[in-house]
Amino acid sequence: MTALDLSSPVAVVGTGTMGQGIAQVALVAGHPVRLYDAVPGRAREAAAAIGARLDRLVAKDRLSPAERDAARARLQPVDSLAALADSALVVEAVLEQLDVKQELLRELEDIVGDACLLATNTSSLSVTAIGGALRVPGRFVGLHFFNPAPLMPLVEVVSGFATDVTSATRAYETARAWGKTPVACADTPGFIVNRIARPFYAEAFAVYEAQAADPATIDAVLRESGGFRMGAFELTDLIGQDVNEAVTHSVWRSFFQDVRFTPSLAQRRLVESGRLGRKTGRGWYDYTEGAERPEPHTADAAEPPAHVVAEGDLGPAGELLPMIREAGITVREKDEDNGTRLVLPSGGHLVPADGRTSAEFRDVVHFDLALDYRRATRIALSASQDTSPQVLAEATGLFQALGKKVSVIGDVPGMIVARTVARIVDLAYDAVAKGVATEEDVDTAMRLGVNYPLGPFEWSRRLGRTWAYSLLDDLHLREPSGRCAPSLALYRHAYATDKRETAS
Ligand SMILES: NC(=O)c1ccc[n+]([C@@H]2O[C@H](COP(=O)([O-])OP(=O)(O)OC[C@H]3O[C@@H](n4cnc5c(N)ncnc54)[C@H](O)[C@@H]3O)[C@@H](O)[C@H]2O)c1
C-alpha cells in the first residue's frame with residue numbers, strides 16, 4: 001500500500017489553527033488542496049494566511065518563488081462540502097465535539113467516493129466513536145498532527161476499532177510522503193503522547209501539593225537535572241492551564257477514572273481562579289509587566305567532604321564516582337553490598353532517589369536522578385527534618401564541588417526527576433503491553449511530540465531493568481492511593497524473566 005498520489009486532491013474541513021497547518025503541509029508536499037469551513041469567508045481567510053506563510057518560507061529560502069506560486073495555484077477555498085466530491089483524502093479539523101464531527105462525516109460520506117480516505121485530527125475523542133457514525137467506517141482513521149503542524153514532525157496515525165489495515169497504512173505512508181514522522185497507534189485515550197506524558201505534569205504538581213518545593217525549583221530541577229526542555233509549570237503556562245487540564249480530565253474520564261491519571265487539585269484551583277497561564281498574564285507564574293520571575297531554591301556554599309565511601313551498585317549514579325575523584329575528593333569503593341549509598345565523613349548517607357523517604361532512616365540525604373550527571377547543572381537533595389545539618393551540609397558541599405547548584409526540597413519519595421521518569425517508563429510499558437504502539441514508536445512519539453531528551457524505553461534501558469519498578473513499588477507503599485502503583489507490564493519486564501530462570 002502506497003501513499004496517495006500527489007495529483008490527488010486533499011480536502012481540509014475546519015480551517016482554524018490545525019486545519020491551516022495541515023493544509024499547508026499537504027500543499028507544500030505537492031497536492032491540490034481544498035479548504036472548507038462552516039463559517040462563511042473563513043476558508044478564504046485561511047487560504048490568504050497560508051499564502052502569507054508560504055511568502056515567509058520564500059523569504060527564508062525554504063521555498064522557491066516558483067514553488068510558492070505553484071502551491072498557491074493548487075490551493076482552493078470552497079463554499080460548500082459538495083465541492084469536495086473528488087477528494088482522495090478529507091482531513092477534518094473542526095470543533096472538538098463528538099456530535100459535530102459525526103454529523104460532518106456523515107454528510108461528507110454522501111458526497112465523496114467510496115475510495116476516499118476520511119481522517120480526523122481529534123486530539124482527545126475516540127476515533128472509533130467518531131467513525132461509528134459512518135456507513136463505511138473502515139476508511140476512517142485518526143491523523144493526529146501536533147501544533148504547529150508545519151513544524152512538528154510527529155503524526156500519530158490512529159486506527160479505530162473498525163479502521164481497515166489498508167486505510168491506516170495508506171494514511172501512514174501519506175504522512176511520511178509529506179515529510180512527517182508517523183507512528184502507528186491504537187485508539188486508546190490520549191493515543192501515545194497525551195497518555196504517556198500525563199505524569200510529567202502530575203508528578204510535578206504532586207511534589208508541589210506535598211509542599212516539598214515551589215514551581216520555580218521543580219521546573220529548574222526538571223530542566224537542569226532531568227534534561228527536559230521546560231519544566232511542568234512553565235510548560236503548562238505556555239499550553240494554557242485550561243487546555244492542559246482538559247486533556248488530563250479527558251484521559252482520566254476515558255479510562256473510567258483510573259486513579260493513575262488523577263487530575264491535580266492545585267491545577268483545578270488555578271483554572272478556577274482564571275489564572276490560565278501566559279494568555280491571561282498569570283498562571284503558576286506572573287507574566288504581567290514588571291513581574292519578577294521567582295528564583296529556584298539554591299543552597300548556600302558548603303564545605304565539601306574530604307572523602308566518601310561508595311557502597312553497593314550506584315546504578316545510574318555510578319558515573320558520579322570519577323567526577324568526585326576529579327574534584328579532589330577521595331573515594332573508597334567497598335564491594336560488600338550494604339545497600340546503595342555514599343557514606344559521608346560524618347557517618348551520614350547519600351542515597352540515589354528511590355521510592356523511600358529520608359525520614360525512614362537515620363541521617364540519610366537522597367539525591368535526585370539526573371539525565372546525565374556530568375552535564376547536569378543542578379541537583380536536588382532531600383532530607384528529613386531529623387537529618388543532621390552537618391550531613392546535609394556535606395552532601396551539599398559534595399555536589400557543589402562537582403560544579404552543581406543544589407536545590408534542597410522536602411522529603412518526598414522519588415523526589416522530582418526520578419518519580420517523573422519512573423512513572424513515564426511505567427505508562428510506556430503498560431501502553432505497549434496493551435497493544436497501543438511498539439516500543440520504537442513510543443520512543444519516537446515522546447521525543448518528537450513532547451521533546452523528551454530520551455524515549456521512555458531508551459531511558460529505562462539506561463537506568464537498568466528493575467529501576468523503575470522498584471522505585472514505584474516503594475513509592476506505592478508510601479502513597480497507597482494506587483496513583484503511582486507500577487503496572488503488571490513493568491513488573492513482568494523487571495522480574496518475570498529472572499523468576500522463570502530460577503524456576504527452570
Ligand atoms: N490546537 C491544537 O493544539 C490541536 C492539536 C492537535 C489536534 N487538535 C484538534 O484539531 C481540531 C481543531 O482544532 P483547532 O485548534 O484548529 O480549532 P480552531 O477553533 O482553531 O478551528 C476550528 C475551525 O473549525 C470550524 N468549524 C467548526 N465546526 C465546523 C463544521 N461543522 N464544519 C466545518 N467547519 C467547522 C470553525 O469555524 C473553526 O474555523 C480539534 O479536533 C482539536 O482537538 C488541536
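First listed ligand is number 1; within each ligand, the first listed atom is number 1.
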Q: Assess whether a salt bridge exists between R374 and D372, defined as any Lys/Arg side-chain N lying under 4.0 Å from an Asp/Glu carboxylate O.
A: no
Q: Return yes or no for this condition: an N or O of H144 is under 3.5 Å from an N or O of ligand 1.
A: no
Q: Check the angle between the aromatic planes of Y429 and F457 and answer parallel, tilted or perpendicular using the 30° and 60° thresholds.
A: perpendicular
Q: Atoms of ligand 1 less than 4.0 Å from V13 heavy atoms?
A: 33 (C)
Q: Hey, is F146 touching ligand 1 through its side chain, its backbone, both or neither, going by heavy atoms under 4.0 Å?
A: neither
Q: I'd like to know whether ligand 1 has E92 as a neighbour, heavy-atom separation below 4.0 Å.
A: no
Q: At what distance is the nearest protein heavy atom to atom 6 (C) of ligand 1, and which residue and atom is it?
A: F145 O, 3.2 Å
Q: Is any NZ, NE, NH1 or NH2 atom of the basic residue among R293 and D286 found under 4.0 Å from an Asp or Glu carboxylate oxygen of the other?
A: no
Q: Under 4.0 Å from atom 37 (O) of ligand 1, is there at least one protein heavy atom?
A: yes
Q: Regarding R195 and D430, does a basic nitrogen lie under 4.0 Å from an acidic carboxylate oxygen?
A: yes
Q: Quick check on Q20 - does any of its heavy atoms sit under 4.0 Å from an atom of ligand 1?
A: no
Q: State whether the side chain of K279 and the backbone N or O of D237 hold a donor-acceptor pair below 3.5 Å, judged by distance alone.
A: no
Q: Applying side-chain hydrogen bond (donor to acceptor under 3.5 Å, both in side chains) to T163 and R139, what does each step give before you reach the verdict?
A: CA-CA 6 Å; T163 305; R139 46 125 138 219; over 6 Å; no
Q: How far is atom 3 (O) of ligand 1 from its nearest protein heavy atom, and which residue and atom name does that atom have?
A: N147 CB, 3.3 Å
Q: Can you name the atoms of ligand 1, numbered from 1 with element, that are less than 4.0 Å from a heavy atom of L95?
A: 27 (C)
Q: Look at atom 19 (O) of ligand 1 and say whether a protein heavy atom is found at less than 4.0 angstrom from it.
A: no
Q: Look at atom 21 (O) of ligand 1 and find which of S124, G14, G16 reaches it with the closest heavy atom.
A: G16
Q: Measure the distance from atom 12 (C) of ligand 1 to every protein heavy atom, then report the residue, atom name and distance (to 0.1 Å) of the closest one.
A: A93 O, 3.2 Å
Q: Within a distance under 4.0 Å of any heavy atom of K101, pick out the atoms of ligand 1 and give their elements.
A: 40 (C), 41 (O)
Q: Of the protein's non-hydrogen atoms, which lies at the shortest distance from atom 25 (C) of ligand 1, and what is that distance?
A: D37 OD2, 3.2 Å
Q: Among protein heavy atoms, which sits nearest to atom 42 (C) of ligand 1, and what does the distance come to when rounded to 0.1 Å?
A: E96 OE1, 3.8 Å
Q: Could you identify the single nearest non-hydrogen protein atom to atom 34 (N) of ligand 1 and state the distance to 0.1 Å?
A: A38 N, 3.1 Å
Q: Check this for me: does any side-chain nitrogen of one of D86 and R34 sit under 4.0 Å from a carboxylate oxygen of the other?
A: yes
Q: Suppose we measure from atom 1 (N) of ligand 1 to each protein heavy atom; which comes out shortest, and what is that distance?
A: M18 CG, 3.9 Å
Q: Answer yes or no: is there an ion pair linking E458 with R462, defined by an N-O contact shorter than 4.0 Å?
A: no
Q: For atom 10 (O) of ligand 1, what's the nearest protein heavy atom and its distance?
A: N121 ND2, 3.0 Å
Q: So how far is it from E67 CD to L54 CG, rounded to the nearest 0.5 Å?
A: 10.5 Å
Q: Does W284 have its ring centroid less than 6.0 Å away from the ring centroid of F233?
A: yes
Q: Would you kindly specify which portion of E103 sits under 4.0 Å from ligand 1, judged on non-hydrogen atoms: side chain, backbone, both or neither?
A: neither
Q: Charged N to carboxylate O under 4.0 angstrom, E103 versus R106?
A: no
Q: Which option wins on minimum heavy-atom distance to atom 15 (O) of ligand 1: T17, V39, V94?
A: T17
Q: Could you check whether R223 pairs with E234 (Lys NZ or Arg NE/NH1/NH2 to Asp/Glu carboxylate O, under 4.0 Å)?
A: yes
Q: Could you see which bit of V100 sits under 4.0 Å from ligand 1, with heavy atoms only: side chain, backbone, both or neither?
A: side chain
Q: If you measure every N/O of S123 against every N/O of ligand 1, is any gap under 3.5 Å?
A: yes
Q: Indicate every side-chain donor-acceptor pair of residues 38-46 with a distance under 3.5 Å to a residue at least two apart or in another chain.
A:
| unit_1 | atom_1 | unit_2 | atom_2 | d |
| --- | --- | --- | --- | --- |
| R44 | NH2 | D79 | OD1 | 3.1 |

